Amino acid sequence: MALHLFNTLSRSLEPFRPASPEKVGVYACGPTIYDHAHVGNFRSFVFYDLVHRYLEWRGYPVRFVMNLTDVDDKTIRAAREEGRTIQEHTSPFAESILADADALGILRADGYPRATEFVEEMIELVQRLLDRSHAYRTEDGSVYFDITSFPGYGKLSRKKLDEVRQGERVAADEYEKDDVRDFALWKAAKPEDREVGAVWEAPWGEGRPGWHLECSAMSLSEVGETVDIHLGGEDLIFPHHEDEIAQSEGATGKPFVRYWLHVKHLRFADEKMSKSLGNTVTVRELLDDGVDPAALRHQLLSAHYRSELAFGSDGLEASTRAVQRLVDFRDRLRDAEVDAQAPPLELDVRARETLEEFRRAMDDDLNAPAAMGALFRFVGEGNTLLDRGNDRLPPQEAKAGLELLSSLDRVLGVVELADGSRSVDASTRDWVEERIQERERARRERDFQRADAIRDELAQQGIVLEDSPKGTRWKRVSGGQPVG
RNA sequence: GGCGCCGUGGCCAAGUGGUAAGGCAGAGGACUGCAAAUCCUCGAUCCCCGGUUCGAAUCCGGGCGGCGCCUCCA
């Protein structure tokens, strides 16, 4: 079976066929960088990363781009409040968001274009739309897209034009449009735009780009006229993506996007997490509170992207333990005794089966929860087999098992993250070893009170001991209590 | 009002026609000095009511409940 994706455009599962085998172009709608990103945003970004990683795992050459919106109503308002230019205001947030992305093990994109870097391209795009009579200028120097000039308008969101409620938009809009449903390509400069440096020169007057123009311009120049996959949150379907299609196809006459994928919202305290509802939690806050980044990543992958994900501390707690189970199993397998004479456990057979199950799940519209189900089934059965074999197995089986784990983790990215936050420096290592030896002496003398005191002391530092007939093993675990 | 989604064991969550993956939590047991890790055992008539079918969590109709979009939003 080949990879299948649910295309919002057709509302159905379609086999994935990129326009060209040479390069798969992916454009992801990124954040507006006027504030720190919250967990809901990162549900999307982690999903984008899953797409990125899975396409590469599947062997596609990928060009993956995510934009950063650094000029719009919100950035302008926020910059004014701080008395800064939009540039000054947004730059730190771009850094903060990329830092959070790193913390969650998100692969770097091939590019993070910012709207303000593509104003020239946007102006050209507007000009093309004017030339092709898809747009018109108004007296104040703004430019609007004429949606009646684009017959396909509404095809993504499945809205009928005459059903769009018009009253509120008229009241809310202070510009002069021919038709209230038209949207701005270029907004004539206002004093508050000038204050924060959000003004550019254009043939039809000074102003700034409209709401949706940046994605079209950057997508066209950074990925190409036809993008294979365009990613975004479900809230962007209308009007953002609908307008992008109109602009882009209006300008190029070519299909803009082959596959539209939209992520459902994160639910937090029974409603969607969003800034306007004021129920957001930032990634930064969670990490500062000691949440294991690997657990957060695991949690964000634990529901299918087209389902709502109920976010909360119970889930984070469950994910923390689930991640530890993966790490423990990997360590157990890595430390197992390999011996060509060992009786076969057939772990390699299970590894092959698991790989197939994993691929089948991911091929089915990137079903990460089902894919992780296959992984955990392997862990459970693997533990049983190792128990049976007394942690001794043939080398090729150990190798097959470890390779499977690392292969699946190239997609999931959970174990590598967990390893990162569990690393221990040399001096701590020495200290731990020393304390363990001391505890061993106490145990030999059957001074269990003292032995337990040492164990507790280590536990306070996040070091957990596991006694076994082969000696005492130790590991670092993630500490801290999730909030929410 | 228009469009759409969802309702699976205590929590989270796969499965969408052949009688219920997985994670977490819980109970009992094995192992352990005690733990930890691990293993074994235990738990769901899949919101309700009808219908289609040899057979439905899965399809259809109705109901109840929750959520999203229609406006900035991942």
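Here is the naming used below: chain letters follow the sequence lines, and residue numbers restart at 1 for every chain. Keep in mind that this is a model prediction, so the values were computed, not measured.
Under the 30°/60° scheme for interplanar angles, the aromatic rings of A:His241 and A:Trp260 are found to be tilted.
Inspection of the A:Ser157 and A:Glu242 side chains reveals an N or O donor paired with an N or O acceptor under 3.5 Å.
The shortest distance between the side-chain N/O atoms of A:Thr384 and the OP1/OP2 oxygens of B:rC40 is below 4.0 Å. For B:rC72, neither phosphate oxygen OP1 nor OP2 lies less than 4.0 angstrom from any side-chain nitrogen or oxygen of A:Ser274. Distances shorter than 4.0 Å separate some side-chain N or O of A:Arg321 from OP1 or OP2 on B:rA25. Listed pair A:Arg325 / B:rC39 meets the phosphate criterion, a side-chain N or O lying under 4.0 Å from OP1 or OP2.
Heavy-atom neighbours of A:Glu346 CD from other residues, nucleotides or ligands within 6.0 Å: at or below the threshold of 12.
Distance alone, capped at 3.5 Å, places no donor-acceptor pair between the A:Glu337 side chain and the A:Asp391 backbone.
Of the nucleotides present, none pairs with B:rU71 by Watson-Crick or G-U wobble criteria with both distances under 3.5 Å. In this structure, B:rU38 forms a base pair with B:rA30, meeting either the Watson-Crick or the G-U wobble geometry with both donor-acceptor distances under 3.5 Å. Nucleotide B:rU16 has no partner under the Watson-Crick or G-U criteria, as no pair reaches both atom distances under 3.5 Å.
Judged by distance alone with a 3.5 Å cut-off, a donor-acceptor contact links the side chain of A:Arg443 to the base of B:rG33. Side-chain to base pairing of A:Lys275 with B:rC72: no donor and acceptor N or O lie closer than 3.5 Å to each other. Contact of A:Asp235 with B:rG68 (side chain to base): no donor-acceptor pair of N or O atoms is detected under 3.5 Å. At a cut-off of 3.5 angstrom, counting only N and O atoms as typed in the model, there is a donor on one side and an acceptor on the other between the side-chain of A:Arg455 and the base of B:rA35.
The aromatic ring of A:Phe448 sits over the base of B:rG33, with ring centres less than 5.5 Å apart and planes inclined by under 30°.
Taking the nucleotide of RNA chain B with the nearest heavy atom to each of A:Ala318 and A:Gly232, the more 5' of the two is matched to A:Ala318. Toward the 5' end of RNA chain B, the nearer of the two residues A:Lys74 and A:Ala310, judged by each one's closest nucleotide, is A:Ala310.
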